[in-house]
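These notes concern the structure reproduced below.
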Amino acid sequence: MPVLNGDPSFHRQEDGLNDDKRPVKYLVITGGTLSGLGKGTTISSLGVVLKSLGLRVTSIKIDPYLNIDAGTMSPYEHGEVYVLEDGGEVDLDLGNYERFLDITLTREHNITTGKIYQQVIEKERKGEYLGKTVQVVPHVTDAIQEWIERIAHLPVDRKKGPPDICLIEVGGTVGDIESSVYLEALQQFSFKVGLDNFCLCQVGFVPVMGVVGEQKTKPTQHSVRELRQAGLKPDFIFCRSEAPLGEAARHKIALFGQCPKDHVISVHDVSNIYHVPLMLEQQHVGPLICDRLHLHPRPLSPLAKNRHLMVPYNLANWAKMAQRVDAIEETVTIGVVGKYTGLSDSYLSVIKALNHAATEAGLKVDICWIESTDLEPQMQHECADKYDEAWRKIQAVEGVLCPGGFGDRGIEGKALSARFCRQNGKPYLGICLGLQTAVIEFAREVLQMDNANSEEFDKDTTQKVVVFMPEVSQTHMGGTMRLGTRPTIIKDPSSLAFKLYDHQHTIHERHRHRYEVNPAMVAALESKGFIFTGHDQDGQRMEIGEIPDHPYFVCTQFHPEFKSRPMSPSPVFLGLILAAKGRLTERLEQGGGKLLATAVNSD
Ligand code: GLN
């Protein structure tokens, strides 16, 4: 067993280098056999383990597709588009990294083939290749290496100076045509930065076959062979399996993978996600990686009074969370009225945020998916069973969440879900499109504007309650929305928003939208009880809407799900979960009018 083993008093070797000179170490993770192995969770958990040793960790995700970013991709195609602080519309794995590692990434932390080629072609057009024939090797491979090196040095944890280690996830599976150029670039990169600074981990699959349940190692063996063909050799092999990896399988994989037996790591199924870092720690993955990379945890200052506070991310928190989640028995049922319910990855951050909030409230969340089109009147004729089932579900759930989306399909169903919740005192959280459809519904029914609509769904309506934002591009779809973090001002101390956000007058949340509540409609809506309690800095843009005379009717134009973290849930999600159980008022009273004042997840 390596000596470090999480001991925070361990001191690194004095190498005489200051932080800016010490090389950033690279830990590359590739996937073999098939996608959907949970590579993202494995890597984020690895990052958690390394952080617990006092190391500063960053991450880069490589997506080998030609899109510049995920912004123009359908959620059905690629799962949710995750939005970063800087407005980058990126792969959902970056959400996993931000949530697990509590870091803030930029759009450049998501490399795509589109971005790399765009850069190379722009350079070619400027004549910067000085008459050379521009080729995949070396020009594209060089561009990939330069990008990785530049971005790996950016601090992402609110501290100065470069991180200690950069986790690089190569999307897709080894052997795909698309990823071969990245494997070639990484192979060159390993020599450029030196083998002491470069470590490769392969995530393989170990299925079980036959009645005796033998663990089969061939798929992993083959994936290692593919990697070797690309000139790369794994230092560690992470094996995804149902049950813990048996001795025989570990032995075989080590033999064929040509790596030490303790470098073959079992990543088996666990009862909840918080166990994954603990499982890795039990197999000494952190110290083994440190040994391999000659990487040593930061020294703790002998002058530091609270030495334990110097360890930024103690695994004890994760152990506590894992136990808490296992021990929860009570369930809360939340209906999610969506347009893309066929693929749960379409709402990944929403699901995570519901879980973070439920754990904080001591509950397990049971998500009931409701396809919004099934709630619409025409469904009575098209498929009465679906219609009845959807309405039965919305009546049965304890709270409703209406998430974001684009285009007119399912809009009427979303509006009807908001009406049902408003009229029946059912807790409702509307996010982005879920705010817009709630406003449309309110205008139609309460303001008696029968044709109330959004310009997005009916350009010609005379009753525009949701309008196109003036600064947004009419011609280009990619990266042109109102994107990223913007401040929201909450003026009224008596508003629910002010209490949910722990009495802060200015909050920062992430956005992704083209349309907004028509400012000309605000006075009429408010006069009938739909109150806007959060605005942008100019007071012109409606950011939070609420109906005070209701157990919980809260809508946000921003997407609070992107900033929810396991140990610090999003306030509006926690509000929904507590209201669903009728415990919100009590909780606010306990916290002296603040929601998170008594939070347990963060202790
Ligand atoms: N389609 C709406 C808009 O562009 C809502 C966007 C969203 O829900 N993210 O404003």
Side-chain angles (χ1 to χ4, degrees), residues 69-85 87-90 92 95 336-341 345-351 353 372-373 400-415 417-418 428-441 443 452-459 461 464-486 488 509-519 521 532 534 536 540-545 554-564 570 572-573:
D69 59 37
T72 53
M73 288 171 134
S74 153
Y76 270 136
E77 184 78 24
H78 198 67
E80 140 192 296
V81 176
Y82 187 77
V83 181
L84 296 168
E85 196 108 335
E89 299 170 280
V90 295
L92 49 81
V336 176
V337 182
K339 286 160 54 95
Y340 322 106
T341 54
D345 265 4
S346 308
Y347 297 112
L348 189 71
S349 293
V350 167
I351 298 172
S372 53
T373 45
V400 167
L401 189 145
C402 194
F406 295 83
D408 60 0
R409 189 183 57 82
I411 291 309
E412 297 306 318
K414 279 184 172 259
S417 73
Y428 176 91
L429 173 61
I431 296 177
C432 204
L433 183 60
L435 171 143
Q436 296 172 0
T437 45
V439 168
I440 292 169
E441 178 284 309
N453 216 330
S454 162
E455 267 189 313
E456 182 179 7
F457 318 127
D458 183 358
K459 281 212 162 22
T461 180
K464 291 177 186 166
V465 289
V466 177
V467 290
F468 192 77
M469 280 184 292
E471 70 268 37
V472 171
S473 168
Q474 299 259 19
T475 53
H476 282 65
M477 298 293 269
T480 56
M481 284 184 257
R482 181 170 179 249
L483 287 164
T485 297
R486 314 284 169 120
T488 290
E509 294 275 16
R510 300 182 187 177
H511 296 72
R512 183 173 187 244
H513 64 127
R514 281 194 184 86
Y515 297 85
E516 62 172 329
V517 174
N518 185 351
M521 287 301 305
F532 293 96
D536 72 340
Q540 287 304 302
R541 192 152 276 154
M542 303 305 122
E543 292 284 6
I544 305 176
V554 174
C555 305
T556 65
Q557 185 58 75
F558 50 74
H559 288 266
E561 67 271 28
F562 296 133
K563 283 187 72 175
S564 177
S570 158
V572 285
F573 276 80

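Ligands are counted one by one from 1 in listed order, and the atoms in each one are counted from 1 as well.
- Between R482 and E543, at least one side-chain N (NZ, or NE/NH1/NH2) sits under 4.0 Å from a carboxylate O, which counts as a salt bridge.
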Write 'none' if nothing qualifies; otherwise put on separate lines each N/O atom of ligand 1 with a protein N/O atom under 3.5 Å away and their distance to 0.1 Å.
| unit_1 | atom_1 | unit_2 | atom_2 | d |
| --- | --- | --- | --- | --- |
| ligand 1 | 1 (N) | G405 | O | 3.0 |
| ligand 1 | 1 (N) | E456 | OE1 | 2.8 |
| ligand 1 | 1 (N) | E456 | OE2 | 3.0 |
| ligand 1 | 4 (O) | R514 | N | 2.8 |
| ligand 1 | 8 (O) | G405 | N | 2.9 |
| ligand 1 | 8 (O) | G405 | O | 3.4 |
| ligand 1 | 8 (O) | L433 | N | 3.1 |
| ligand 1 | 9 (N) | R512 | O | 2.9 |
| ligand 1 | 9 (N) | H559 | NE2 | 3.1 |
| ligand 1 | 10 (O) | Q436 | NE2 | 3.0 |
| ligand 1 | 10 (O) | R514 | N | 3.2 |
| ligand 1 | 10 (O) | Y515 | N | 2.9 |
| ligand 1 | 10 (O) | Y515 | O | 3.4 |

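- Comment: R514 does not engage E456 in a salt bridge, judged by the lack of any side-chain N to carboxylate O separation of less than 4.0 angstrom.
- The side-chain heavy atoms of V400 and V337, taken from C-beta on, include a pair separated by under 4.5 Å.
- Results of the side chain to side chain contact (heavy atoms under 4.5 Å, CB included) test with V572 over L429, I431, I544 single out L429 as the only residue that passes.
- In terms of the side-chain hydrogen bond (donor to acceptor under 3.5 Å, both in side chains) criterion, residue partners of E509 (sequence neighbours excluded) are, by chain and number, Y501.
- Ring orientation note: the planes of F468 and Y515 are nearly perpendicular, at an angle over 60° on the 30°/60° scale.
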